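Reminder, nothing fancy here: chain letters follow the sequence lines and each chain counts from 1. It should be emphasised that the depicted structure is a prediction, and the values quoted were computed from it without experimental measurement. We use all heavy atoms of the structure for the numbers below, so side chains are in, but hydrogens, waters and symmetry mates are not.
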Amino acid sequence: MATFQSLPGFRDFYPEDFSRRQHIFRAWRHTAHAFGFQEYDAPVLEPLELYTTKSGEEIEGQLFSFKDKGGREVSLRPEMTPTVCRLVGARAGALKRPIKWFSVAEFFRYERAQKGRLRAFSQFNGDIFGEPGPEAEIELIAMLIQCLAGFGLTKDDFYVRLSDRDLWFFYLEALGFNDEQSRAILSAVDRYEKMGDDAFMSYAEAHGELDFVAMTKIKAMFGVRDFNRLESLIAADFVALVVTETARSKLNARLADWRKILGGLEAMGLKEFVQVDLSVVRGLAYYTGFVFEAFDRKGDLRALAGGGRYNNLVKKLGGPDLPAVGFAIGDVTTGLLLEQRGLMPSFVNAPDLYAVIGGEAERSAAFADIQALRAAGFRVEYPFKELAFGKQFKAAAESGAKLALIYGSEELANGVVKIRDMSDRTEREIPRDHVLAAVRDALAGG
RNA sequence: GCGGUCAUAGCUCAGUUGGUUAGAGCACAAGAUUGUGAAUCUUGGGGUCGCGGGUUCGAGUCCCGUUGGCCGCCCCA
């Protein structure tokens, strides 16, 4: 047993693990480029205040924070959102709109590790700045879906739950609740899935029991799973209740945005991935409108991804008033889901070519070709030590190389090299000065 | 921060009521095999049995503590 091991919640990435993570990163970047997003990164270490300003002092308990040698309070980044707000805010005037940025980066949170949650993890973050309308949501939700579908996951594997904090506030306002009461109700809605009716106890303590009619309406609202039902619930309340004209027009405007998002995603053929679900509230208060989360269909994993609109955050962090929507997908849960569904490719590290070298005398000739082939971009392996031919062919086969190049004394005496197709075991001789061309030709076909 | 559970080779595990020098399979390496393939056989390296203390003539085994993994609670940006 080694004396030192990695810190709790941190992972070592041996080559197989690294290749698995790399597979995830590659697919994410591929998708982001297809959607026209630009990649950025920023320091892993940030001023602690960036996070306490955004999330409150309490957040420090969950951070890898410390005082640096200059006495600065600093923290490893626990998320990308404040950082990207800082970057965009600083140059907002000079950036072409819409601003569509993404990153693939590592984050650190001082929390107890659990299934799907570690202390160090990677996330894909995609954000759109400068677009207040639901067009940004369409773009981001479509990209979120593709970030998972790109691995071969389908609508039977995962789905995106779409909710709307504005709709909630406008609806509760129409029911006669003030802002503080509405927040307490939303916090109960957030916990309802886990706690049931007990979730409303803290509301009752602060504001008195909810009356039966209001409770029924609220439960109906977060029980809704399709848009037509949502519309008809609200339409029915317009008839049954005394609703002010402003509350009515706010709600109607929200419903129009909903129609736009759902219509847009349907036109993209993504309807089956999206479910209306107002029980998603997403705890932290900085979300200002639509919020969404992706889950696996079987429901035995933590959330795959989450995001939403945060129109006030850039300004709060010192930038201009800039609307924003974003989401993040984690590598840990995504990796677990891909393993579960057999979509994680096995580690492949096969060279294109394996050079079989007769002896020390032949090594120099082989080296010349090996270097030329490598410079041309081919992956070439050869044995470090002198080995029997039998061993070398075995090594070549185990390496997974498509071709073997044979540098024996007989071949070199004739000015040729044998090129062996490892899959069908056929061999042919080629002149030494045609090796590169012959390899190119042989590998082009398969 | 709280609770449950586990910890023996790189991996998966065995190890009797406490008893000699802690084992197997896989993996890795060498040889059989100095011009042709994933097989087979032989051999080898690799363990302070997570760590520390206690009980005992004797601890991988029992007790306490600790660290770490896994699972759950709180939290989840």
Taking the side chain of E410(A) as its heavy atoms from C-beta onward, which of rG35(B), rG37(B), rC74(B) lies nearest to it?
rG35(B)
According to the interplanar angle, ranging from 0 to 90°, do the rings of F222(A) and Y192(A) count as parallel (below 30°), tilted (30 to 60°) or perpendicular (above 60°)?
tilted
Stacking of F393(A) on rG37(B) base (centres under 5.5 Å, planes under 30°):
no
Quick one: is rU34(B) close enough that its OP1 or OP2 comes under 4.0 Å of any side-chain N or O from K391(A)?
no
Please state whether the base of rU36(B) and the side chain of R425(A) form at least one donor-acceptor pair under 3.5 Å?
no
Using the ring of F151(A) (Phe, Tyr or Trp, six-membered ring only), decide whether R341(A) places NZ or CZ under 6.0 Å from its centre and within 45 degrees of its axis.
no
Testing the basics here: between R428(A) and I430(A), what is the closest heavy-atom pair and its distance to 0.1 Å?
NH1-CG2, 3.7 Å
Remember a base hit wins even if backbone is also touched, and classify K418(A) as base, sugar-phosphate or nothing at under 4.0 Å, heavy atoms.
base
With rounding to the closest Å, how many angstrom separate the C1' atoms on rA14(B) and rC49(B)?
13 Å
Select base, sugar-phosphate, or nothing to describe what E411(A) touches, counting heavy atoms under 4.0 Å on all strands.
base
Separation of atom CG in D127(A) from atom P in rA77(B), rounded to whole Å
15 Å
Protein-to-nucleotide contact annotation, 5' to 3' order, nucleotides 65-72 of chain B [B base; S sugar-phosphate only; - none; under 4.0 Å, heavy atom]
---SS-SS
Protein-nucleotide distance (M422(A), atom CE; rA38(B), atom P), rounded to Å
10 Å
Name the nucleic acid region contacted by M80(A), choosing base, sugar-phosphate or nothing; use a 4.0 angstrom heavy-atom cut-off, strictly under.
nothing
Taking atom types as they are modelled, would you say the side chain of R420(A) forms a donor-acceptor pair with the base of rG37(B) within the 3.5 Å cutoff?
yes
Measure up the W101(A) and Y40(A) rings against each other and bin them: parallel (under 30°), tilted (30 to 60°), perpendicular (over 60°).
tilted
Sticking with atom P, work out how far rG53(B) lies from rC11(B), rounded to a whole angstrom.
25 Å
Between Y407(A) and P78(A), whichever has its closest RNA chain B nucleotide further toward 5' is Y407(A)
Exactly one of D296(A), T334(A), L148(A) clears side chain to side chain contact (heavy atoms under 4.5 Å, CB included) with L153(A), and that residue is L148(A)
d(OH, Y354(A); C1', rA38(B)) in whole Å
14 Å
Applying a 3.5 Å limit to both distances, which nucleotide forms a Watson-Crick or G-U wobble pair with rG52(B)?
rC64(B)
C1'-based separation of rG23(B) from rG35(B) [nearest Å]:
41 Å
Once you apply the 3.5 Å cut-off to both distances, tell me the Watson-Crick or G-U wobble partner of rG19(B), or none.
rC57(B)
Pairing partner of rG72(B), by Watson-Crick or G-U wobble and under 3.5 Å for both distances, is rC2(B)
For rA27(B), which nucleotide is its Watson-Crick or G-U wobble mate, given both distances must be under 3.5 Å?
none
Between rG37(B) atom C1' and E427(A) atom CD, what is the distance in whole Å?
11 Å
Anything under 30° is parallel, anything over 60° is perpendicular, the rest tilted; go ahead and classify F389(A) against F393(A).
tilted
With the side chain defined as heavy atoms from C-beta on, I406(A) is closest, among rA77(B), rG37(B), rU36(B), to rU36(B)
Taking the same atom, C1', in rA27(B) and in rG45(B), what whole-Å distance lies between them?
13 Å
Please confirm whether R109(A) makes a cation-pi placement over F121(A), using NZ or CZ under 6.0 Å from the six-membered ring centre and within 45° of the ring normal.
no
Rounded to whole Å, OH of Y51(A) lies from P of rC76(B) at a distance of 18 Å
Between C1' on rA77(B) and CZ on F327(A), what's the gap in Å once rounded to a whole number?
16 Å
Let me know the distance between CD of Q392(A) and P of rU33(B), rounded to the nearest Å.
18 Å
Does E386(A) contact rU34(B) through a side-chain donor or acceptor facing the base, at a distance under 3.5 Å?
no
Interatomic distance at C1', rU61(B) relative to rG15(B), whole Å
9 Å
Hey, which of these two, D421(A) or K194(A), hits RNA chain B nearer its 5' end, going by closest nucleotide?
D421(A)
rU40(B) pairs with, by Watson-Crick or G-U criteria that keep both distances under 3.5 Å:
rA32(B)
Ring centres under 6.0 angstrom apart (F10(A), F64(A)):
yes
Whole-Å P distance, rU48(B) and rG10(B):
8 Å
Do R254(A) and F290(A) meet the cation-pi criteria used here (NZ or CZ under 6.0 Å from the six-membered ring centre, within 45° of the axis)?
yes
